[in-house]
Every structure is written in structure tokens, then in C-alpha cells.
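For the numbers below, each heavy atom of this structure counts, side chains included, while hydrogens, waters and symmetry mates do not.
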Amino acid sequence: LTSFSGFTQVMTTSPAILQENSKNVVLTFHADKCGVAALQNLPSSTALYVHTGVITDKSNGAWTHVVTDWSVNNAKNKLNYVSRNTYTLNVGDINTYYGVPSDEKVLKLCFIARTAAGDVQTKDLFIDVQEKGFQMALTSDVDSYVISGTTTINFTVNTSENANISLKVAGKEIASATSAMELKKGYTFKSRGYYEVVATATSGSKTLTKSVTVAYPNPSPAKPYPGGVPKMGAVKNSDGTVTFCLAAPNKSSVILIPSWDDYQTLDKNVMNYQDYQGYRYFWTTVSGLDNKTAYPYY
């Protein structure tokens, strides 16, 4: 799922933070950020449409109140060409546009941008709809907070009302704003390590905090796979440990991101590598896993 709580935004919104009671909502589709080459740099004569619906508190995580069937193209779901790679969709009032009854609460807007024929499309895109009142969002211009070299990340803090905003990296304030609804600041991460980026906004007696961790882990070291012949997947060893192995040609580093470590990016899970019969295999051995427990990881 692509959620716009922190990463590069394929769909941006006006207002910047969508809420239950937002009015005059306009969505902007940035085709150059969607990852689909066939949808980029198109002329104004090539029409694009959205397949769009919502997720509500009664839909159990599924799309509902879908505006049109997949094959239907009309003015309501057509993206308006603004300039190369930039399109808008005028939603106005969320509940009215999607036909959501008053006893349902919209949690997310859901989109697939596509060609008129539907033969080229983006992946599913989601935008959070927050509750009424004072809200804050922390976003950036990168697709991942795991970096492998010196990287400048541009952060944006938005609030739903005027607030005193502060942005810190590793405990040091890098930017602030008074009585503002937006704060932008770039920061260059040069050294390996793990950096907590914290945004704080205060309006009256209310203070909100959002944070992300930027991980710049160590590279994968060269180390022979136990026994010399790599075995793909998760292999249980006689001592109860498990060795995880992945073939990843042309990659220089791989890291295991496991549920048993709360999906954190940790140096202890950086995988070793061995080149074998023309391929590069990455591996690491983990202890303490229970035989009867299912462990998601990536």
C-alpha cells in the first residue's frame, strides 16, 4: 500500500491535510512521480482518468463507494491536464463526491490513475483523511527512509491551523516557524547511523508530534555462506537457528527487516554476501525464533 504519511507524494492535496470536514478539495496527480513511464510526459490530447473510491469505518479495509466502473470515462473521473505531468481532480466535498452517507466516516481516499482504455495504470494510491480539529502531517521528497549514501531529504510539515512548528534531526532543531501552517527544510545525511526526525506543532494548549527514522546502515560484508553452497529462503539449522538467504544479482547491500524486530532497520540485520557460480547471495543467521510462530519479514 502506498500511503502518504511520509513519502514522495504522487497525489498531493489542497488543503494539504484532508479532514472529514474539508471543503473545496482539489487533488493533484504528479505523473512524473508515479513510476509508470507510459503515463509520463503525455501531451494534453491524451486523456487520463482515475478509478477512485474510499475506505470507511464500515468497509473493513476494502474500497467502497467507487465513483465509476473501471471501463467508464466521464467528466467526474477525468483528470484535468494542467501542464506536463501535472493533472488535477476537483473533488469538492468528499462525502458528496463519493456519495458517502452521514453515518459512515471516510478514512482514506483510494485511486488508480489510468489511460482511457485502462491498459496502463498506476498501483493503488491512498490518501489519509484525518479527523476534525488540529492535525499535522510530516512528509518528504524521498521514496524510502533507508539510504545507502550521502542524501539530502527535503521535509515538509503541514498543519490544519496556524501553529508554532519545529523540526529536529537527532535532537537538534534545524528549522522552526511561528503561527504558520507549513514548514519546509532540507537536511543532508552524510554519516552512517540512525537519525530520528521529529516534527512538533503547538496550537494553543494542543501539541502534536510526528517522527520518522532515517537509516543509513553499514554495507553488507563479504562472508562465506555456512557450508559454502547458498540455499535460498529461510533454512532451519541443526542448532535451532535460521539462515535467511536471498539471491540479488547486481546489488551491493541487503538488509533483513523482520517482524521480530518491529520492522526496524538495524545494523545487526545487515546481510553478509557471497558470490557463487556467477550470482551474489546475501545471507544472515538468526537465533531465538519459535518453531510454531509465523514471522513476516522482508
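Partners of D275 under the salt bridge (Lys or Arg N to Asp or Glu O under 4.0 Å) rule, at least two apart in sequence or in another chain, are R280. In this structure, the side-chain contact (heavy atoms from CB on, under 4.5 Å) partners of A16, at least two apart in sequence or on a different chain, are N158. Contacts of T150 classified as side-chain contact (heavy atoms from CB on, under 4.5 Å), with partners at least two apart in sequence or in another chain: T188, K190. Remark: L42 pairs with T46, L48, Y87 by the side-chain contact (heavy atoms from CB on, under 4.5 Å) rule, at least two apart or across chains. Annotation: side-chain contact (heavy atoms from CB on, under 4.5 Å) contacts of N95 (sequence neighbours excluded): D93, V100, V106.
Sorted by first and then second residue, the ring pair (Phe, Tyr, Trp, His ring centres under 6.0 Å) pairs with a member in residues 19-44 form an empty list; sequence neighbours excluded. For residues 220-243, every residue pair satisfying the ring pair (Phe, Tyr, Trp, His ring centres under 6.0 Å) rule, not counting sequence neighbours, is listed here: Y225-W283. The ring pair (Phe, Tyr, Trp, His ring centres under 6.0 Å) contacts involving residues 192-217 comprise F189-Y195, where partners must be two or more places apart or lie in separate chains.
Cluster partners of V270, by chain and number: I255, I257, Y263, Y298. The rule joins Ile, Leu, Val, Met, Phe, Trp and Tyr whenever side-chain heavy atoms lie under 4.5 Å apart. Here L289 is tied into one hydrophobic group with V242, F244, L246, V254, L256, W260, M271, Y273, F282, V286, Y295, Y297, each link being a pair of ILVMFWY side chains closer than 4.5 Å. Here V72 is tied to no hydrophobic group at all, with no ILVMFWY side chain closer than 4.5 Å.
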Note to self: Assess the residue pair T207 and T202 against the criterion (side chain to side chain donor-acceptor pair (under 3.5 Å)); give the C-alpha distance rounded to whole Å, side-chain angles, the decisive distance to 0.1 Å, and a yes or no.
What the structure shows: CA-CA 4 Å; T207 298; T202 300; 3.0 Å; yes
Identify every side-chain donor-acceptor pair in residues 115-122 under 3.5 Å, counting partners at least two apart or on other chains, and give the distances.
residue: T115; atom: OG1; partner: G118; partner atom: N; Å: 3.3
residue: T115; atom: OG1; partner: D119; partner atom: N; Å: 3.3
residue: T115; atom: OG1; partner: D119; partner atom: OD1; Å: 2.6
residue: T115; atom: OG1; partner: V120; partner atom: N; Å: 3.4
residue: T122; atom: OG1; partner: A113; partner atom: N; Å: 3.1

